[in-house]
Amino acid sequence: MIEDFDVSADWHVAAPYPFLARLRRERPVFRSEHLGAYVLTRHADVRAAYGDPRRFSSAGSLTISRSLTRETREKLGEHGSFLSSFVANVDPPDHTRLRRSVSKAFTPRAVSALERRFSELNEDLLDRVQPRGAADFVREIGHEPSIKLTARFIGVPEQDEAFVQAHVKDWFQLFLSPQPPERQLELADSFLTYLAYVDELVAARAGNPRDDFTSLMASLIGQELTHREVVELISTILLGGNDTVPNQLGNSVLRLLREKAWPVPPASVRNAVEECMRIDGASLGSFRYATSDLSLHGVTIPAGELVLLSTDSAAHDETVFAEPERFLIGRPNADAHLVFGYGIHFCVGAALARLQLRTAIEVLGRRLPALRLADRPISYRRSIVGRGLAALHVEW
């Protein structure tokens with residue numbers, strides 16, 4: 001038995017599933033010294049915790065900055081509690097108000113228009129890359145369309161896309177990945193620069209609105225939202241488009257190639273996307289705080305303790321998914337994974353994320369039907385909350 005739940009270790013990021021299976025059987029509620037948190041590993045418990053915000057509070061759960069040094073905290077000042085008002089990081093009634101506002105941007109008509117644009121972005125990219133015959137999927141294929149679509153949705157000018165991508169990567173590392181003290185200070189500088197940029201973008205759209213998400217949210221300042229809430233909403237959606245969705249696409253392509261399931265037949269793409277998210281999710285779970293002493297499977301979680309809802313483990317729970325370590329492209333309940341959360345905190349951008357994954361796999365399968373893995377090592381990034389490839393070399 002491996003002694004702790006070290007989500008930043010190479011073995012855990014690449015292949016944690018035998019370890020998680022043993023936890024589900026023997027220690028379904030597990031105290032991790034490494035995380036400084038209790039871990040829920042069974043699907044039923046994770047789902048129940050998502051659905052019970054009164055006992056499992058989201059307030060402050062995303063601001064995983066306990067590893068920041070005093071010097072870094074002083075540099076960040078009031079921004080050390082970044083994400084304190086993001087929709088996934090608060091409880092009702094603030095959550096209800098914030099989610100209502102954000103949902104105005106995700107109408108079926110708006111999502112359909114984004115699908116057409118995303119397909120075009122993938123086609124344009126492949127026009128440039130296809131003649132080469134080989135690429136690093138992570139660096140040269142997986143990220144650009146998602147970054148450009150998210151930038152268009154938010155209202156980031158095209159000339160600023162590279163700036164945003166670099167700074168989003170830095171703030172992810174600062175808040176969601178352990179860093180040595182000197183690196184923390186560098187990342188804090190980058191983060192403050194990025195925050196100033198988003199702040200200026202919101203101010204500019206408030207004075208001169210356009211047809212984009214920032215303008216829509218800025219129009220609600222003083223009525224439904226505060227200026228800071230808008231800045232944090234935009235900053236975090238940019239993270240999803242610049243990082244989380246591309247990571248899931250990379251994980252999915254790797255899985256499909258390893259399983260000899262490429263290209264995916266068009267009729268199977270929708271379910272294949274769900275099965276890829278289930279078996280190789282880009283998100284490892286969500287943190288919550290226990291609001292009172294909680295007893296579960298003979299373990300007491302004291303009030304105020306941090307709890308990880310391990311969606312990674314829940315997605316491999318044998319009581320929900322038959323033969324969970326097998327990739328089944330037609331698995332009937334593949335979408336019962338909890339990658340997007342559950343209940344009031346079900347991801348507001350889930351429809352957009354699914355759209356991007358489906359569209360990318362459809363276009364890539366049609367344009368690169370002979371896609372295959374190159375004979376190069378496969379490595380993962382280290383993160384507290386996510387799984388993503390550092391590189392994925394492919395040929396066609």
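Side-chain atoms are counted along with the backbone in the values below, which use heavy atoms only and exclude waters and symmetry mates.
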Query raised in the report: Which atom pair, heavy atoms only, marks the closest approach of Y289 to G304?
Result: CD2-O, 3.5 Å

**Report entry** L195 to S235 - nearest heavy-atom pair and separation
**Finding:** CD1-OG, 4.1 Å

Report task. Count the heavy atoms of every other residue, nucleotide or ligand shown that sit under 6.0 Å from CZ of R132, and state whether that count exceeds 12. Result -> yes

Query - Residue D375 excluded, over 12 heavy atoms near CG under 6.0 Å - result: no

Query raised in the report: Are V129 and W262 connected in a single hydrophobic cluster, I mean Ile/Leu/Val/Met/Phe/Trp/Tyr linked by side-chain heavy atoms less than 4.5 Å apart?
Result: yes

Query raised in the report: If we only count heavy atoms from C-beta on, is the L256 to F327 side-chain gap below 4.5 Å?
Result: yes

Query - Main-chain N/O of V138 paired to H143 side chain as donor or acceptor, under 3.5 Å - result: yes

Query - Student check: side-chain heavy atoms of L114 and L352 closer than 4.5 Å - result: yes

Report task. Please confirm whether the backbone N or O of P209 pairs with a side-chain atom of S215, one donor and one acceptor, at under 3.5 Å? Result -> no

**Report entry** Shortest non-hydrogen separation from S268 to I329 and the atoms involved
**Finding:** CB-CD1, 4.3 Å

Query - Audit row: R387, D312, salt bridge (charged side-chain N to carboxylate O under 4.0 Å, His left out) steps and yes/no - result: CA-CA 10 Å; R387 174 184 294 110; D312 210 22; 2.7 Å; yes

Query - Donor-acceptor contact below 3.5 Å, side chain T291 vs main chain R54 - result: yes

**Report entry** Same cluster (ILVMFWY, side-chain, under 4.5 Å), I147 and I154
**Finding:** no

Query raised in the report: Is any side-chain heavy atom of L257 closer than 4.5 Å to a side-chain heavy atom of V394?
Result: yes

**Report entry** Qualifying salt bridge (Lys or Arg N to Asp or Glu O under 4.0 Å) pairs, either residue in residues 266-278, two or more places apart
**Finding:** E274-R354, E275-R278, E275-R331

Query raised in the report: Counting only heavy atoms not in E71, do more than 12 fall under 6.0 Å of its CD?
Result: no

**Report entry** Heavy-atom donor-acceptor pair, T193 side chain to D189 backbone, under 3.5 Å
**Finding:** yes

Requested in this report: To the nearest 0.5 angstrom, please state how far the SG atom of C276 sits from the CG atom of N271.
Outcome: 10.0 Å

Query raised in the report: Do Y197 and D160 touch side chain to side chain, with heavy atoms closer than 4.5 Å?
Result: yes

Report task. Begin with the C-alpha distance, continue with both residues' side-chain angles, and end with the deciding distance and a verdict on side-chain contact (heavy atoms from CB on, under 4.5 Å) for E158 and K148. Result -> CA-CA 8 Å; E158 187 172 1; K148 286 186 173 295; 3.4 Å; yes

Query raised in the report: Counting distance only, does the side-chain N/O of W396 pair as donor-acceptor with the main-chain N or O of R367 below 3.5 Å?
Result: no

Query raised in the report: Can V320 be reached from L296 by stepping across I, L, V, M, F, W or Y side chains whose heavy atoms are under 4.5 Å apart?
Result: no

Report task. Kindly state each residue pair satisfying salt bridge (Lys or Arg N to Asp or Glu O under 4.0 Å) with at least one member in residues 42-52, sequence neighbours excluded. Result -> D52-R55

Query raised in the report: Is the number of heavy atoms from other residues, nucleotides or ligands within 6.0 Å of CD (E186) greater than 12?
Result: yes

**Report entry** Sidechain-backbone polar pair: E229 side chain, T226 backbone, donor-acceptor under 3.5 Å
**Finding:** yes

Query raised in the report: Taking C-beta and beyond as the side chain, do I279 and F321 meet within less than 4.5 Å on heavy atoms?
Result: no

Query - Backbone of T69 reached by a side-chain donor or acceptor of Q184 within 3.5 Å - result: yes

Report task. In sequence, state the C-alpha distance, the side-chain angles, and the governing distance for L368 and Q130, and then conclude on side-chain contact (heavy atoms from CB on, under 4.5 Å). Result -> CA-CA 8 Å; L368 302 175; Q130 190 169 7; 3.8 Å; yes

**Report entry** Separation of T150 OG1 from F213 CZ (nearest 0.5 Å)
**Finding:** 11.5 Å

Query raised in the report: Nearest heavy-atom pair of P181 and T72: which atoms, and what distance?
Result: O-OG1, 4.4 Å

Report task. Check the side chains of T311 and Y50 for a donor-acceptor pair under 3.5 angstrom, ignoring hydrogens and angles. Result -> no

Query raised in the report: Can you tell me if CZ on R376 sees more than 12 non-hydrogen neighbours from other groups inside 6.0 Å?
Result: no

Please report, to 0.1 Å, the donor-acceptor pairs under 3.5 Å made by any side chain of residues 198-207, with sequence neighbours excluded.
residue	atom	partner	partner atom	Å
D199	OD1	H227	NE2	2.7
R205	NE	D212	OD2	2.9
R205	NH2	G155	O	2.8

Report summary line: All heavy atoms of E26 vs all of P28, minimum pair found to be C-CD, 3.6 Å

Requested in this report: Could you name each residue pair satisfying salt bridge (Lys or Arg N to Asp or Glu O under 4.0 Å) that touches residues 257-268, not counting sequence neighbours?
Outcome: R255-E259

Query - Side-chain heavy-atom pair F118, N122 within 4.5 angstrom cut-off - result: yes

Query raised in the report: Would I234 and L238 count as a side-chain contact (heavy atoms from CB on, under 4.5 Å) if you check the C-alpha gap in whole Å, the side-chain angles of each, and the deciding distance to 0.1 Å?
Result: CA-CA 6 Å; I234 291 165; L238 284 170; 4.0 Å; yes

Query raised in the report: Aromatic rings H316 and Y17: how do their planes relate, parallel, tilted or perpendicular, breaks at 30° and 60°?
Result: parallel

Query raised in the report: Hey, is the main chain of H43 close enough, under 3.5 Å, to the side chain of D317 for a donor-acceptor pair?
Result: yes

Report summary line: On a heavy-atom basis, the closest approach of P145 and L121 is O-CD1, 3.6 Å

Query raised in the report: Can you get from L357 to V269 by hopping between Ile, Leu, Val, Met, Phe, Trp and Tyr side chains that sit under 4.5 Å apart?
Result: yes

Query raised in the report: Hey, mind stepping through L40 and V29 against side-chain contact (heavy atoms from CB on, under 4.5 Å) and telling me if it holds?
Result: CA-CA 5 Å; L40 305 189; V29 181; 4.0 Å; yes

**Report entry** R358 side chain vs V273 backbone, donor-acceptor pair below 3.5 Å
**Finding:** no

Query - Pairwise distance OH(Y38) to CG(L294) - rounded to 0.5 angstrom - result: 10.5 Å

Query raised in the report: Would L35 and F19 show up in the same hydrophobic cluster when neighbours are defined by side-chain heavy atoms closer than 4.5 Å?
Result: yes

Query - Euclidean distance, T359 OG1 relative to E123 CD, rounded to 0.5 Å - result: 10.5 Å

Query raised in the report: What's the spacing between L338 CG and L309 CG if we round to 0.5 Å?
Result: 9.5 Å

**Report entry** Contact check, side chains of V231 and R228, non-hydrogen atoms, under 4.5 Å
**Finding:** no

Query - Of all pairs that satisfy salt bridge (Lys or Arg N to Asp or Glu O under 4.0 Å), the ones with a partner from residues 235-247, not counting sequence neighbours - result: D243-R381

Query raised in the report: Quick check: does any side chain N or O of D280 sit under 3.5 Å from a backbone N or O of S252, one acting as donor and the other as acceptor?
Result: no

Report task. To the nearest 0.5 Å, tell me how far L308 CG sits from T41 OG1. Result -> 10.0 Å

Requested in this report: Compare all side-chain heavy atoms of F163 with those of V156 and state whether any distance is below 4.5 angstrom.
Outcome: no

**Report entry** salt bridge (Lys or Arg N to Asp or Glu O under 4.0 Å) involving R372 - partner list, sequence neighbours excluded
**Finding:** E395

